[in-house]
Amino acid sequence: MAPLAPRSGDAVFANVERVNAELFTLTYGAIVRQLLTDLEEVEEVNKQLDQMGYNIGIRLIDEFLAKSNVSRCVDFKETCDVIAKVGFKMFLGVTATVSNWDAEGTSCSIILEDNPLVDFVELPDTCQGLNYCNILSGVIRGALEMVSMKTEITWVRDMLHGDDAYELRLKLLKQVPEEYPYKDDE
C-alpha cells in the first residue's frame, strides 16, 4: 500500500471536528480570568498558561500526526513551516507565516495576522504584563518536545499590547536523540 500524501492545512481543517469559535474564545477568556483571580500575579498567570499549553501540546501532537499525515520533518525549518501552515490551520483555523531566521537555522518567528483566542478581549491596565495567548507557546513547546526538539518560545509582539501582529519567537535549544527502551539485536 502506498504511503498517504501529506495533507495541507486547509484539507485537514476541512475534515476536523470543530467547536463553535465564540464558545472556544469565551471559555478560554474565562480560564484566563479565573487564573488572574486565583493567582493574582500576572507573571504567575503567564507561567500557568504556558504550563497548561505544554500539557496540551504533549498530547495534541499525537492527534496532529495521526490526522495530518505529515512525514518526519528533516530539520527545524521544515518543522516550523509545518506548524505554521498545517498545525495552526488544523487547530485554530488560521495560517501563520515563518520569518526572521537566524544564520544557523535554529531560531525564527511565527507571525499570526489573526488570532481567534483574542476575539472580544481588551486587557485592563493592571494586566499589561499578561501574555494572554501564552498557552500557544506552551502547546508548541510541548508538541516539539515530543518529537525530540527542546525549544524556548517567547512572545515578541502582541496586538493586545498595541503591536501590529502576534509574533512568537522559537529557538531550538537542542535536538534530543531518540531513545529506544530495548535493542533489536538482543
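A 4.5 Å side-chain heavy-atom check between M52 and L35 finds at least one atom pair inside the cut-off. By the 4.5 Å heavy-atom criterion applied to side chains, Y166 and V118 are counted as neighbours. By the 4.5 Å heavy-atom criterion applied to side chains, V45 and L130 are counted as neighbours. The closest side-chain heavy-atom distance from K77 to C108 is not below 4.5 Å. Side-chain contact between V94 and P116: present, with at least one pair of heavy atoms (C-beta onward) separated by less than 4.5 Å. Annotation: side chain of L92 is in contact with side chain of L136 (closest heavy-atom distance under 4.5 Å). Using a 4.5 Å cut-off on side-chain heavy atoms (C-beta onward), F76 and W101 make contact. Between I83 and L144, the closest side-chain pair of non-hydrogen atoms falls below 4.5 Å.
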- Would you please test C133 and N115 for side-chain contact (heavy atoms from CB on, under 4.5 Å) and show each step? CA-CA 9 Å; C133 299; N115 185 345; 3.2 Å; yes
- Query: Would V121 and Y28 count as a side-chain contact (heavy atoms from CB on, under 4.5 Å) if you check the C-alpha gap in whole Å, the side-chain angles of each, and the deciding distance to 0.1 Å?
  - Reply: CA-CA 11 Å; V121 175; Y28 180 71; over 6 Å; no
- Task: Check the pair L39 / Q48 against side-chain contact (heavy atoms from CB on, under 4.5 Å), numbers first and verdict last.
- Result: CA-CA 9 Å; L39 301 176; Q48 186 66 33; 3.9 Å; yes
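Under a hydrophobic-cluster definition in which Ile, Leu, Val, Met, Phe, Trp and Tyr are linked whenever side-chain heavy atoms come within less than 4.5 Å, directly or via other members, L172 and I111 are assigned to different clusters. When hydrophobic clusters are built by joining Ile, Leu, Val, Met, Phe, Trp and Tyr residues whose side-chain heavy atoms come closer than 4.5 Å, directly or via intermediates, V98 is grouped together with V70. Hydrophobic clustering, with ILVMFWY side chains joined whenever heavy atoms are under 4.5 angstrom apart, groups L123 together with I31.
Nearest heavy-atom pair across F88 and I140 is CZ-CD1, 3.9 Å. For S137 against L168, the heavy-atom pair with the smallest separation is CB-CD2, 3.9 Å. Residues Q128 and H161 share a closest heavy-atom pair of O-CE1, 2.6 Å. Nearest heavy-atom pair across S99 and R169 is O-NH1, 4.3 Å. In terms of heavy atoms, I61 sits closest to M146 at CG2-CB, 3.7 Å. Taking all atoms of both residues into account, the shortest heavy-atom contact from M159 to D164 is CG-C, 3.8 Å.
Only one option out of I110, N100, T151 pairs with L170 in a side chain to side chain contact (heavy atoms under 4.5 Å, CB included); it is I110.
Residues E145 and Y54 bring a donor and an acceptor atom of their side chains to less than 3.5 Å of each other. Residues T79 and D75 have side chains that never bring a donor and an acceptor to within less than 3.5 angstrom of each other.
With values rounded to the nearest 0.5 angstrom, N131 atom CG is found 4.5 Å from N46 atom CG. From L173, atom CG reaches atom OG1 of T106 across 9.0 Å, with rounding to the nearest 0.5 Å. Annotation: the span from E167 atom CD to T97 atom OG1 amounts to 9.0 Å, rounded to 0.5 Å. Between the CZ atom in F91 and the OG atom in S68 there is a gap of 8.0 Å [rounded to 0.5 Å]. For the atom pair SG of C73 and CD of E78, the computed distance is 4.5 Å after rounding to the nearest 0.5 Å. Taken from CD in E122 to SG in C127, the straight-line distance is 12.5 Å, to the nearest 0.5 Å.
Partners of D50 by salt bridge (Lys or Arg N to Asp or Glu O under 4.0 Å), not counting sequence neighbours, listed by chain and number: R141.
Counting only distance, with no hydrogens or angles, the side chain of D163 and the backbone of R157 share no donor-acceptor pair below 3.5 Å.
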